[in-house]
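The structure appears below as structure tokens.
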Amino acid sequence: MVKTRRLFGTDGIRGTANRFPMTVEVAQKLGQAAGLRFIQGTHRHSVLLGKDTRLSGYMIECALVSGFLSAGMDVTLVGPMPTPAIAMLTRSLRADLGVMISASHNPYGDNGIKLFGPDGFKLSDETEAGIEEDMGMDLTDRLAAPDQIGRASRLNDAAGRYVENAKSAFPRGLRLDGLRIVIDCANGAAYRVAPTALWELGAEVVRIGCDPDGININEGCGSTRPEALCAAVLRHRADIGIALDGDADRVLISDEKGRLIDGDQILALISTSWARQGRLSGRHIVATVMSNMGLERYLHTQGLELVRTAVGDRYVVEKMRELGANVGGEQSGHMVLSDFATTGDGLIAALQVLAEVVETGRPASAVCRMFRPYPQLLRNIRFVGKSPLNEPQVHEARKAAEKRLGEHGRLLLRESGTEPLVRVMVEAEDEALVKEVVEDMCDSINAIQMAN
């Protein structure tokens with residue numbers, strides 16, 4: 001049984017910077033607890049530490065460094081770097097632990113800490129719970145002796161290593177010559193590496209969202225605000241657009257007509273392309289409960305089976321490892337291609353889409369529209385205090401909604417793992433019914449909020 005976790009959510013620890021739990025005290029204690037847990041044997045132990053471009057990253061970085069050093073771990077700093085780069089470099093450099101300081105797609109005022117094991121995979125719930133338990137203890141007597149305190153250093157060629165790794169995921173012999181590509185890096189962690197990789201592969205690169213100032217990450221740009229990408233594609237008459245999020249583990253695409261391609265369409269494209277080329281491992285594609293029913297039915301027509309998990313790329317990865325699958329992802333744009341990465345990698349996923357465009361000679365609008373999605377509507381309701389989902393009124397409203405939807409629709413109610421939000425998602429063949437059910441569910445939840 002997994003111990004109760006108070007600090008760790010679905011993707012590490014996350015919150016408002018300089019407020020619990022994203023304080024220097026918590027970060028330092030995390031460094032100590034995680035460092036001590038991963039010190040096994042007599043060799044010099046090391047942790048690889050990266051971050052995105054948030055102003056608070058400096059503060060959290062210093063606190064983590066001090067915690068790891070006091071535990072006796074050496075720290076290798078790589079500065080702003082995508083989350084998948086940290087996972088890759090942790091394995092490549094044989095580090096004992098990898099850490100990414102990022103709140104991903106959240107606004108700049110938030111920050112977070114994600115942990116990777118020496119195999120490059122995110123830590124299990126059990127391991128995170130154990131670290132959290134240790135953080136509640138007095139660790140003073142377990143810290144390093146004065147002559148065993150760790151050392152900190154900087155890895156200067158981290159960006160180059162990741163760029164070469166990403167380029168290796170693009171089919172050998174293909175080039176991006178002649179393609180004009182808009183890349184939106186959300187003023188985040190990939191602002192240098194993603195444009196560089198595309199340019200080195202031959203593309204004409206138009207950069208937006210590549211001027212971070214510490215407080216503009218995800219602001220009006222990136223995969224959470226793809227309108228800027230779509231407009232730039234039309235303005236520059238580009239062949240395709242790529243939008244990453246703040247830590248570059250998500251990707252969305254704009255075709256040459258300025259129309260958005262979501263993660264479900266990307267997942268369908270990569271899955272069928274790899275199946276055709278004999279690169280797909282097994283017949284299972286892993287996605288979350290948020291993925292569209294249209295994707296599920298399309299994959300079925302291709303002889304493939306969609307397996308759903310809880311929301312969060314870590315759960316997608318766990319199920320992929322269990323099934324031996326090598327393609328998985330989320331509608332939000334997390335794409336996990338285990339032949340190349342141990343976690344979501346927006347750039348590597350985008351390169352698979354570009355490979356299909358190049359190989360077929362067809363425009364992105366023809367390549368990326370794989371199926372007709374069911375009408376789907378998602379609403380977020382912010383709450384204060386305890387979650388309203390456990391209230392009897394919500395249970396009754398849910399039963400009524402599911403009865404109305406029948407077998408040709410779905411209702412999903414869940415709490416966000418990173419924010420105090422209830423997410424209400426409905427999809428069905430009848431768009432009017434979708435809107436009605438969402439409105440009714442939101443009214444029920446809001447009524448509880450007002451009553452409390």
Side-chain angles (χ1 to χ4, degrees), residues 2-38 47 49-71 73 75 83 86 97-117 122-140 142-143 188-189 214-215 217-218 245-247 249 310-315 380 382-387 414-423:
V2 178
K3 302 181 181 70
T4 300
R5 302 185 305 166
R6 186 169 65 101
L7 297 176
F8 285 92
T10 57
D11 199 13
I13 300 175
R14 190 175 298 188
T16 302
N18 237 10
R19 301 292 183 270
F20 184 85
M22 287 312 302
T23 63
V24 293
E25 293 84 3
V26 170
Q28 184 183 56
K29 198 65 180 283
L30 173 63
Q32 292 175 336
L36 290 171
R37 181 164 284 261
F38 278 82
V47 56
L49 183 56
K51 60 183 180 180
D52 63 23
T53 57
R54 294 164 208 268
L55 181 62
S56 58
Y58 294 100
M59 175 185 75
I60 301 301
E61 180 182 57
C62 290
L64 282 168
V65 168
S66 111
F68 283 118
L69 297 181
S70 69
M73 265 197 166
V75 179
T83 288
I86 301 307
L97 191 62
V99 181
M100 178 64 181
I101 304 168
S102 175
S104 189
H105 58 280
N106 285 26
Y108 85 92
D110 292 342
N111 216 329
I113 303 171
K114 308 178 187 185
L115 303 178
F116 294 89
K122 290 179 179 177
L123 301 186
S124 66
D125 290 347
E126 292 83 359
T127 302
E128 288 183 343
I131 292 172
E132 186 167 331
E133 184 178 29
D134 290 348
M135 290 173 67
M137 301 177 180
D138 184 355
L139 303 175
T140 305
R142 296 171 55 192
L143 297 178
I215 61 174
I217 187 172
N218 298 315
D245 69 337
D247 68 335
D249 62 357
V311 174
D313 66 318
R314 63 183 299 162
Y315 303 117
N380 295 322
R382 189 168 294 274
F383 64 89
V384 178
K386 66 178 182 179
S387 169
R414 71 177 187 90
E415 289 180 50
S416 168
T418 57
E419 301 175 84
L421 297 174
V422 169
R423 304 197 192 279

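We're numbering straight along the sequence, starting at 1.
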Show the atom names and distances, to 0.1 Å, of all donor-acceptor pairs under 3.5 Å that link a side chain in residues 21-28 to residues at least two apart or in another chain.
unit_1	atom_1	unit_2	atom_2	d
T23	OG1	E25	OE1	3.3
T23	OG1	V26	N	3.2
Q28	NE2	S66	OG	2.6

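- Residues meeting the side chain to side chain donor-acceptor pair (under 3.5 Å) test with K122, sequence neighbours left out: D11, D313.
- To the nearest 0.5 angstrom, L421 atom CG is 9.5 Å from E415 atom CD.
- Note that the CG atom of L64 and the CG atom of L49 stand 6.0 Å from one another [nearest 0.5 Å].
- One finds the CG atom of L30 at 9.5 Å from the CD atom of E132 (value rounded to the nearest 0.5 Å).
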Side chain to side chain donor-acceptor pair (under 3.5 Å) between T83 and D249, worked out: CA-CA 6 Å; T83 288; D249 62 357; 4.8 Å; no

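- Among residues two or more places apart in sequence or in another chain, the side chain to side chain donor-acceptor pair (under 3.5 Å) test is passed with S104 by D245, D247.
- Residues forming a side-chain contact (heavy atoms from CB on, under 4.5 Å) with T127 (at least two apart in sequence, or on another chain): R37, F38, L123, S124, I131.
- Partners of R19 according to the side-chain contact (heavy atoms from CB on, under 4.5 Å) rule, which considers only residues two or more places apart in sequence or in another chain, are T16.
- Between V65 and V75, the shortest heavy-atom contact is CG2-CG1, 4.0 Å.
- Every residue two or more places apart in sequence or in another chain that forms a side-chain contact (heavy atoms from CB on, under 4.5 Å) with Y108 is listed here: I215, I217.
- With sequence neighbours excluded, the residues forming a side chain to side chain donor-acceptor pair (under 3.5 Å) with D52 are R54, S102, listed by chain and number.
- A donor-acceptor pair under 3.5 Å links the side-chain atoms of K29 to the main chain of M137, judged by distance alone.
- Here L143 pairs with Q32, L36, S70 under the side-chain contact (heavy atoms from CB on, under 4.5 Å) rule; sequence neighbours left out.
- How far CE of M59 is from CG of N18: 4.0 Å, rounded to the nearest 0.5 Å.
- Contacts of N380 classified as side chain to side chain donor-acceptor pair (under 3.5 Å), with partners at least two apart in sequence or in another chain: R423.
- The CG atom of L97 sits 5.5 Å away from atom CE of M73, with the distance rounded to the nearest 0.5 Å.
- Separation of atoms CG (L115) and CZ (F8) is listed at 5.0 Å; rounding is to 0.5 Å.
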Derivation of the side-chain contact (heavy atoms from CB on, under 4.5 Å) call for Y58 and I101: CA-CA 9 Å; Y58 294 100; I101 304 168; over 6 Å; no

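- Residues in residues 57-68 take part in these salt bridge (Lys or Arg N to Asp or Glu O under 4.0 Å) pairs, two or more places apart or across chains: K51-E61.
- Under the 3.5 Å distance criterion, the side-chain polar atoms of N218 are matched with a main-chain donor or acceptor of G246.
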